[in-house]
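Numbers restart at 1 for each chain; the letters A, B, ... are given by sequence-line order, proteins then strands.
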Number of protein chains: 2
Amino acid sequence: MPPVPAKSSPRSASTAVEDYLERILGLINTKGYARVVDIAGSLRISQASVTNMIQRLDAEGLLKYEKYRGLVLTTAGETLAKNITRRHELLTDFLKLLGLDAEVIYHDVEGMEHHISPSTLRAIESLTAQLQRQPALLARVREQVT
Amino acid sequence: MPPVPAKSSPRSASTAVEDYLERILGLINTKGYARVVDIAGSLRISQASVTNMIQRLDAEGLLKYEKYRGLVLTTAGETLAKNITRRHELLTDFLKLLGLDAEVIYHDVEGMEHHISPSTLRAIESLTAQLQRQPALLARVREQVT
DNA sequence: CAACACACTTAGCCCAGGCTAATATTGCCT
DNA sequence: AGGCAATATTAGCCTGGGCTAAGTGTGTTG
Ligand SMILES: [Mn+2]
Ligand SMILES: [Mn+2]
Ligand SMILES: [Mn+2]
Ligand SMILES: [Mn+2]
């Protein structure tokens, strides 16, 4: 058991930031916009906290915000948002294949998605594709799970 | 995209608590004991922070601590420690199968391990066993990854 | 048995990311 | 236009989990 590696550069975005961006993009894609009240309701966080975070994301250049008016993602913000969304979707597809319960999948994915490196993502992506051709193998897995 | 589910009961242990317990058990298993200075060095955290956390874990009944003397895990603490260790090992085995780099595996596992429900654990366990019988499939996955 | 190094604890601080209560702005409806 | 409900912001607070600096124990060794 080697020691934890020295922590490198502060890593891209915190899990909170990723969760906000993911929600904001989701809201924009389904309603056309993302207001403070929508984000708060959707994330089950107080409006005050959302306002706070939005101002931070604006300061960090991930979105453009005009007080009382609304927000749009910047290119940087949209890139991050699409990125976390991909991780979420891919993990969900993978766990669905294993026959897990939807609530369990959601819970686990919402946590795991923040810790998947690009190469791990590619590996699971590839594995998912391969597994789709293996119904017998999947059946055996699902049997164990239930 | 449904809203985040209402947060249920505060869930067992925080990721920090799990990481401490995992390390403590690891140290006990390899050196026979876990002192503040060992935990701090191994986790790359200051001794002061370790003392602090250890006192919390004592208060929560996860270990018994005597100031300046040492600590032992309680049954509850040992159970949690073995549990997180199992998740760590299983995830590591799984990702190894996919041909990922050891550092990447360590990094990702260290984060993901805190977000794996029991049923997801069983599913990945079963999948890992099945995949071991599928060298051709694994070869195709590894090809994509590298 | 004294002194010193090392281990440990305490005190006081910081930041992320939540919260509530109070206040401000908007926009719609009469 | 004026008023009201909904929305948003600000102020002030809290907890978890880090940190450093300063002080306290302990055990080895001359
Ligand atoms: Mn998430
Ligand atoms: Mn997600
Ligand atoms: Mn961990
Ligand atoms: Mn671990």
**Prompt:** Would A:H115 and B:H107 count as a close aromatic pair, with their ring centres under 6.0 Å?
**Reply:** no

Atom [atom1] of [X] to atom [atom2] of [N]: distance rounded to whole Å?
{"X": "B:I39", "N": "C:dA7", "atom1": "CD1", "atom2": "P", "value": "13 Å"}
{"X": "A:N52", "N": "D:dT7", "atom1": "CG", "atom2": "P", "value": "20 Å"}
{"X": "A:I54", "N": "C:dA16", "atom1": "CD1", "atom2": "C1'", "value": "17 Å"}
{"X": "A:Y33", "N": "C:dT26", "atom1": "OH", "atom2": "P", "value": "18 Å"}
{"X": "B:D38", "N": "C:dC6", "atom1": "CG", "atom2": "C1'", "value": "13 Å"}
{"X": "A:M53", "N": "C:dG18", "atom1": "CE", "atom2": "C1'", "value": "10 Å"}
{"X": "B:Y65", "N": "C:dT10", "atom1": "OH", "atom2": "C1'", "value": "12 Å"}
{"X": "B:L71", "N": "C:dC8", "atom1": "CG", "atom2": "P", "value": "10 Å"}

Please pick, from [options], the nucleotide with the shortest atom-to-atom distance to any side-chain atom of [X].
{"X": "A:K67", "options": "D:dT10, C:dA7, C:dT10", "result": "D:dT10"}
{"X": "B:R56", "options": "C:dT20, D:dG17, C:dC8", "result": "D:dG17"}
{"X": "B:R35", "options": "D:dT10, C:dG18, C:dC8", "result": "C:dC8"}
{"X": "B:A16", "options": "D:dG17, D:dA8, D:dG27", "result": "D:dG17"}
{"X": "A:S49", "options": "C:dG18, D:dT10, C:dC8", "result": "C:dG18"}
{"X": "B:Y68", "options": "D:dG23, C:dC19, D:dT7", "result": "D:dG23"}
{"X": "A:R69", "options": "C:dT10, C:dG27, D:dG17", "result": "C:dG27"}
{"X": "B:I45", "options": "D:dT9, D:dG18, C:dT10", "result": "D:dG18"}

**Asked** Under 3.5 Å, is there a donor-acceptor pair linking the side chains of A:N83 and A:R87?
**Response** yes

**Item:** A:D108-B:T120 side chain donor-acceptor pair, cut-off 3.5 Å
**Value:** yes

**Prompt:** For D:dT10, does either OP1 or OP2 sit under 4.0 Å from a side-chain N or O belonging to A:Q55?
**Reply:** yes

**Prompt:** Is the distance from OP1 or OP2 of D:dC19 to the nearest side-chain N or O of B:S46 less than 4.0 Å?
**Reply:** yes

**Message:** Using 0.5 Å steps for rounding, measure from the CD atom of A:E89 to the CD atom of A:E113.
**Reply:** 10.5 Å

**Asked** Can you check whether A:Y20 reaches A:L62 side chain to side chain, under 4.5 Å on heavy atoms?
**Response** no

